[in-house]
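Report on the following structure.
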Amino acid sequence: MNVFEWTFGIIALFRTRLRQAASGAVLAAWLAALLPAAGFAGTELVFGTYAADKPTATVKQYQPFLSFLAGRMSEELGEPVSIRLKIAKEYEEGIRQLASGEVDFARFGPASYVHVMKENPGIRIIAMESKNGQKRFKGVIVVHADSTVQSVADLAGLSFAFGDELSTIGRYLSQEYLLDSGISSTDLMEFAYLGRHDLVGEAVGAGKYTAGALKESTYKKLVAKGVPIRVLASFDNVTKPWLASSEMPDDVLEAMRKVMLSSENEEIVRRISKNGFLLGDDQDYDIIRRAMERSLAF
């Protein structure tokens with residue numbers, strides 16, 4: 001662990017202890033006990049995710065929440081907790097890192113959860129993100145704001161931009177939706193996998209593709225930036241699971257789950273999951289498994 005990573009966890013713990021300290025003497029005694037431990041006698045965790053949007057935006061999104069989580073877990077476990085962020089460049093790399101225990105916990109899309117469970121059935125769901133108290137939210141298919149296309153069926157003979165080949169919205173659910181509308185890959189003039197959701201929206205806005213699939217939150221951000229796209233269709237998706245590696249100790253997992261499930265009203269949590277977290281179960285992702293099977297016919 002380098003000095004930055006150690007400091008990241010310690011600062012989080014300082015904040016919680018500062019709120020709790022009844023006097024300067026209490027805080028001083030606590031610091032004296034903690035700081036000599038140069039080897040950082042505590043729990044060190046690595047959080048993994050992949051860049052579905054720009055990596056810089058991913059760092060900005062997660063670091064405040066991870067600091068908050070480390071501080072609250074330090075209280076629960078009675079020892080300092082540090083959390084280091086590790087961003088994979090691609091979905092496949094992120095899946096491998098969690099399956100192998102290279103990262104201790106991760107935030108994945110639903111399809112990535114299905115994939116990682118195939119590689120390591122010992123992976124456990126810590127919690128699922130809540131969307132207005134529910135476990136569903138929307139993915140969207142967009143076209144240029146000036147497009148004459150009025151329905152998904154009108155995309156026959158035209159072009160389509162997908163996200164990553166392992167993306168829930170960017171591939172599996174959108175391909176299932178196209179198939180249900182009578183459109184398969186052979187009906188399209190061209191299609192491609194562009195990776196990130198923001199790249200899909202920008203490509204459609206630039207007229208490079210007639211339509212594309214991306215998550216609703218990215219769509220709203222792009223429209224706010226002036227990207228000329230509009231929603232052609234929407235479909236249900238399951239909220240993201242936060243997952244623990246098969247090697248995470250049970251007490252650490254339970255402490256993390258307790259913090260996440262009890263923090264729905266925290267402003268810093270709403271930056272990650274607007275309505276906090278819910279208990280999750282493997283069966284919640286059965287609709288994703290069906291979509292993944294269905295997309296094989298695309």
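One-based numbering along the sequence shown.
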- Item | Parallel, tilted or perpendicular, as decided by the 30° and 60° cut-offs, for the rings of Y193 and F191 | perpendicular
ask   = Heavy-atom distance under 4.5 Å between the side chains of R289 and Y113, does that happen here?
value = yes
So, do M73 and L45 sit near enough that their side-chain heavy atoms are less than 4.5 Å apart?
-> yes
Value for CZ (F137) from CG (N237), rounded to nearest 0.5 Å, stands at 4.0 Å
Here the gap from L66 atom CG to R84 atom CZ, rounded to the nearest 0.5 Å, amounts to 12.0 Å
I'd like to know if R294 and D180 make a salt bridge, using a cut-off of under 4.0 Å between side-chain N and carboxylate O.
yes
- Message: Are there over 12 heavy-atom neighbours, none belonging to E93, within less than 6.0 Å of that residue's CD?
- Response: yes
In K240, R136, K135, the residue satisfying salt bridge (charged side-chain N to carboxylate O under 4.0 Å, His left out) with D284 is K135
Between R290 and E293, is there a salt bridge with N-O shorter than 4.0 Å? no
Review point. Hey, what's the ring geometry for F277 with W242, parallel, tilted or perpendicular (30° and 60° as the breaks)?
Key: perpendicular
Give a yes or no on whether a salt bridge exists between D164 and R196, defined as a side-chain N under 4.0 angstrom from a carboxylate O. no
### Message
Would you say CD of E92 has more than 12 non-hydrogen atoms from neighbouring residues, nucleotides or ligands within 6.0 angstrom?
### Response
no
Query raised in the report: Going by heavy atoms in the side chains, are D250 and R124 under 4.5 Å from each other?
Result: yes
request  = State, yes or no, whether a side-chain contact exists between F298 and L188 at a heavy-atom distance under 4.5 Å.
outcome  = yes
task: Tell me, yes or no, whether the heavy-atom count around E90 atom CD, taken from other residues, nucleotides or ligands under 6.0 Å, exceeds 12.
output: no
Do L69 and M260 have side chains that approach each other closer than 4.5 Å (heavy atoms only, starting at C-beta)? yes
ask   = Below 4.5 Å, heavy atoms only, C-beta onward: do F162 and L178 meet side chain to side chain?
value = yes
Do the side chains of L179 and V140 join up, straight or via other hydrophobic residues, at under 4.5 Å, putting them in one cluster?
no
query = Does any non-hydrogen side-chain atom of M128 lie less than 4.5 Å from one of V238?
reply = yes
Here the gap from K215 atom NZ to K220 atom NZ, rounded to the nearest 0.5 Å, amounts to 12.5 Å
> How about K208: does its NZ atom have over 12 heavy atoms from other parts shown lying under 6.0 Å from it?
Replying inline: no
